[in-house]
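Letters A, B, ... are given to chains in the order of the sequence lines, protein chains preceding strands, and every chain is numbered from 1.
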Number of protein chains: 2
Amino acid sequence: MPKIPDATIKRLSLYCKELRVLSNEGMEVVLSKDLANRLDLNPTQVRKDLSYFGKFGRRKRGYDVSELLANLSEILGITTDNKIGIFGLGNLGRALLNFKGFSVRGFYVAALFDVDPAKIGSTLFGKQCYALSDAQEIVKKEGIKIAVLAVPDGAAQDVMDVILGCGIKSILNFTQRHVVVPEDVMIRSVDFTDKLELLAYFSRSKSNGR
Amino acid sequence: MPKIPDATIKRLSLYCKELRVLSNEGMEVVLSKDLANRLDLNPTQVRKDLSYFGKFGRRKRGYDVSELLANLSEILGITTDNKIGIFGLGNLGRALLNFKGFSVRGFYVAALFDVDPAKIGSTLFGKQCYALSDAQEIVKKEGIKIAVLAVPDGAAQDVMDVILGCGIKSILNFTQRHVVVPEDVMIRSVDFTDKLELLAYFSRSKSNGR
DNA sequence: AATATTATGTGATATTATTCACTTAATTAA
DNA sequence: TTAATTAAGTGAATAATATCACATAATATT
Ligand SMILES: NC(=O)c1ccc[n+]([C@@H]2O[C@H](COP(=O)([O-])OP(=O)(O)OC[C@H]3O[C@@H](n4cnc5c(N)ncnc54)[C@H](O)[C@@H]3O)[C@@H](O)[C@H]2O)c1
Ligand SMILES: NC(=O)c1ccc[n+]([C@@H]2O[C@H](COP(=O)([O-])OP(=O)(O)OC[C@H]3O[C@@H](n4cnc5c(N)ncnc54)[C@H](O)[C@@H]3O)[C@@H](O)[C@H]2O)c1
């Protein structure tokens with residue numbers, strides 16, 4: 001099997017997202033050209049990306065939207081519910097809790113964790129909030145595989161260590177800190193400020209990108 | 001001047017972020033090797049990236065943290081206050097409003113825009129909220145250069161058009177929709193679900209990445 | 001003061017990603 | 001039924017990015 005480029009994997013979820021929109025719009029078939037246009041990509045890129053995983057299209061016709069979406073979802077592992085735990089229920093954590101986009105894509109918030117006594121033991125938007133000390137037990141019980149880190153920057157590494165102690169190997173980090181994790185753990189950081197800086201840079205240099 | 005790689009620009013804000021942490025930790029000097037380690041990059045990469053903009057280091061000594069931070073901030077255009085307007089003050093918009101990370105990096109939320117009559121005219125966390133129809137006037141008056149789009153997905157393109165009508169050319173998009181913009185406008189989309197899907201993919205394929 | 005050491009800066013090289021140019025299969029029209 | 005057309009699929013070429021290997025300069029050591 002030829003090694004699949006990282007860049008390709010990153011685009012798969014982009015394709016999924018657009019296919020969901022197309023599906024909502026009632027489109028049954030899409031051409032690589034159209035999909036590419038909607039995402040500002042090259043049509044060849046779309047076809048090449050897909051070709052790493054199989055032949056999903058029909059010549060002279062295009063790709064069946066729901067079929068391709070199902071295939072890509074399968075590839076990305078978002079067919080079965082992926083359970084996530086949110087660590088830190090401040091402004092951001094609570095906004096995430098309300099975010100409808102998770103369930104649409106097969107993610108389920110299974111438990112919340114915080115240090116604030118006012119939150120521990122209570123139910124926030126229908127989800128139970130636990131103390132950090134209970135994390136190991138709850139994570140195992142609920143089968144949580146992904147952690148969302150939304151605690152204050154200063155607590156990032158400490159809470160990260162608790163998460164690692166639970167055996168979780170996939171982390172989505174919202175803090176502004178770079179946290180240290182072992183080799184076999186995958187961490188992705190979300191940082192809009194980076195993007196804002198980019199916007200500032202480009203708006204100054206009159207250059208353009210995407 | 002040799003063309004600066006896009007990938008390099010993207011890493012500049014990463015360097016800034018880590019330099020701020022180092023600065024807080026009281027470090028005065030940092031080696032390309034250490035900076036690279038902390039960000040899971042190759043030391044040569046760090047040096048090469050910086051070399052596009054000048055010679056900031058001292059051989060046998062390393063880089064002066066605050067000096068390099070100042071230089072990179074200058075390059076990224078985050079020395080002068082960049083004024084941003086937030087469009088959509090729901091769960092996410094309000095969380096962003098509370099986010100301290102913006103001001104740290106020279107971004108200032110100058111105005112808020114929504115369609116909800118309950119919000120229009122009121123003050124949210126010290127910031128004035130306006131109707132969309134007032135956007136053009138306020139954007140001009142306040143000198144807003146960057147828009148944050150945090151309205152429901154269905155309203156994304158409509159509100160985008162209002163933003164474009166205000167003459168704003170830099171947009172940070174939080175909606176799950178791909179919005180269409182002219183050539184000379186730069187839009188960056190934030191999507192954690194993409195990253196979650198990646199995490200799900202990698203945790204399944206036992207592979208690892210960053 | 002001379003020599004060894006260390007870390008930056010950078011041209012050359014290797015790797016990775018994207019696009020081109022073409023082949024193939026399916027469909028439509030003649 | 002045959003020819004023309006269209007769009008997927010893909011090896012090869014090109015472009016972009018990352019790494020290597022080393023020259024250079026600053027500091028430390030003898
Ligand atoms: N608000 C935003 O829009 C936003 C945007 C980007 C990034 N962030 C980042 O997300 C993180 C959280 O931001 P926020 O605005 O939600 O902060 P916040 O202060 O509103 O909330 C932090 C929450 O974490 C809890 N907490 C503190 N220490 C903890 C610990 N050791 N273990 C578990 N929980 C703990 C607190 O009780 C609180 O509920 C920060 O790192 C921030 O930089 C926030
Ligand atoms: N909540 C999250 O953590 C989260 C995370 C990622 C992405 N998002 C995305 O961000 C967007 C907003 O999410 P949310 O949870 O804040 O939604 P929300 O429903 O809580 O808030 C939406 C806000 O936009 C306002 N609004 C509606 N139509 C408008 C219009 N035409 N012009 C201006 N304002 C308008 C509403 O009055 C409301 O204040 C959505 O696209 C969502 O998918 C949210």
Side-chain angles (χ1 to χ4, degrees), chain A residues 1-15 18-19 22 27-69 71-72 75 198 202 207-210, chain B residues 1-15 18-19 22 27-69 71-72 75 198 202 207-210:
Chain A
M1 193 174 73
K3 205 244 167 221
I4 295 157
D6 281 3
T8 291
I9 306 288
K10 286 189 190 159
R11 277 187 299 265
L12 289 190
S13 32
L14 219 59
Y15 298 147
E18 204 56 34
L19 286 167
L22 287 166
M27 299 275 260
E28 296 188 352
V29 171
V30 68
L31 308 180
S32 63
K33 183 165 161 282
D34 298 335
L35 194 53
N37 278 344
R38 295 178 72 121
L39 296 169
D40 296 307
L41 298 171
N42 184 304
T44 313
Q45 178 104 78
V46 172
R47 294 201 299 277
K48 178 123 259 187
D49 283 344
L50 298 178
S51 78
Y52 286 109
F53 302 97
K55 299 183 184 191
F56 305 109
R58 277 206 254 165
R59 285 159 205 248
K60 185 77 199 248
R61 187 160 184 277
Y63 299 86
D64 183 281
V65 171
S66 57
E67 192 186 307
L68 184 56
L69 179 54
N71 274 305
L72 295 186
I75 291 164
L198 251 166
F202 277 101
S207 195
N208 193 25
R210 223 144 282 264
Chain B
M1 194 173 71
K3 204 245 168 217
I4 294 157
D6 281 4
T8 291
I9 306 289
K10 286 188 191 159
R11 276 187 298 266
L12 288 189
S13 32
L14 219 58
Y15 299 148
E18 204 55 36
L19 286 167
L22 287 166
M27 299 275 261
E28 295 188 353
V29 170
V30 68
L31 308 180
S32 63
K33 185 164 159 282
D34 297 335
L35 194 53
N37 277 344
R38 296 178 73 121
L39 296 168
D40 296 309
L41 298 170
N42 183 303
T44 313
Q45 178 104 79
V46 172
R47 294 200 299 275
K48 179 123 257 191
D49 282 344
L50 298 178
S51 78
Y52 286 108
F53 302 96
K55 300 185 184 191
F56 305 109
R58 277 206 253 165
R59 285 159 205 246
K60 185 79 197 239
R61 186 158 184 280
Y63 299 85
D64 184 281
V65 172
S66 57
E67 191 186 308
L68 184 56
L69 179 55
N71 274 305
L72 295 186
I75 291 163
L198 251 166
F202 277 101
S207 197
N208 192 25
R210 221 147 282 266

message = Suppose we screen for side-chain contact (heavy atoms from CB on, under 4.5 Å). Which residues come up paired with B:Lys10, at least two apart in sequence or across chains?
response = A:Leu198, B:Arg188
ask   = Does A:Asn37 have any side chain to side chain donor-acceptor pair (under 3.5 Å) partners at least two apart in sequence or in another chain, and if so, which?
value = none
ask   = Counting side-chain heavy atoms from CB outward, which of C:dT8, D:dT10, C:dA17 is closest to A:Pro5?
value = C:dA17
inquiry  = Pair A:Leu22, A:Arg38 - check side chain to side chain contact (heavy atoms under 4.5 Å, CB included), show working.
reply    = CA-CA 10 Å; A:Leu22 287 166; A:Arg38 295 178 72 121; 3.3 Å; yes
Rounded interatomic separation in angstrom, taking CG from A:Asp49 and C1' from C:dT19 = 12 Å
request  = Rounded off to whole Å, could you give me the CG-to-P distance for the B:Asn42 and D:dT19 pair?
outcome  = 5 Å
task = Measure the distance from CG on B:Asn37 to P on C:dA7 and round it to the nearest whole Å.
result = 13 Å
task = May I ask you to verify if any side-chain N or O of A:Gln45 is less than 4.0 angstrom from the OP1 or OP2 atom of C:dA17?
result = no
query = A:Tyr63 pairs by side-chain contact (heavy atoms from CB on, under 4.5 Å) with which of A:Leu50, A:Asn71, A:Leu31, A:Leu69?
reply = A:Leu50
note = A:Thr44 and A:Asn42 have their tightest heavy-atom pair at N-OD1, 2.8 Å
inquiry  = Below the 4.0 Å mark, does D:dA18 have OP1 or OP2 next to a side-chain nitrogen or oxygen of B:Thr44?
reply    = no
message = Tell me whether the count of non-hydrogen atoms from other residues, nucleotides or ligands lying under 6.0 Å of CZ in B:Arg11 goes above 12.
response = yes
ask   = What integer distance in Å separates B:Leu35:CG from C:dA7:P?
value = 15 Å
query = Would you say a side-chain N or O of A:Ser32 is under 4.0 Å from OP1 or OP2 of D:dA7?
reply = no
ask   = Whole-Å distance between D:dA8 P and A:Phe53 CZ?
value = 18 Å
query = Could you state the CD1-C1' distance from B:Ile4 to D:dA15, rounded to the nearest angstrom?
reply = 18 Å
Which nucleotide in C:dT8, C:dT18, D:dT10 has an atom nearest any side-chain atom of B:Tyr63 = C:dT8
inquiry  = Under 4.0 Å, counting only non-hydrogen atoms across every strand here, what does B:Lys48 touch: a base, just sugar-phosphate, or nothing?
reply    = base
message = Could you report the tightest heavy-atom contact between B:Val46 and B:Tyr15, atom names first, then the distance?
response = CA-OH, 3.5 Å
ask   = How would nucleotides 22-30 of chain C be written as a contact map, 5' to 3', with B for base contact, S for sugar-phosphate-only contact and - for no contact, using protein heavy atoms under 4.0 Å?
value = --BBBB---
query = To the nearest angstrom, how far is B:Tyr52 atom OH from C:dG9 atom P?
reply = 14 Å
ask   = Which whole-number value in Å describes the distance from A:Leu41 CG to C:dC20 P?
value = 14 Å
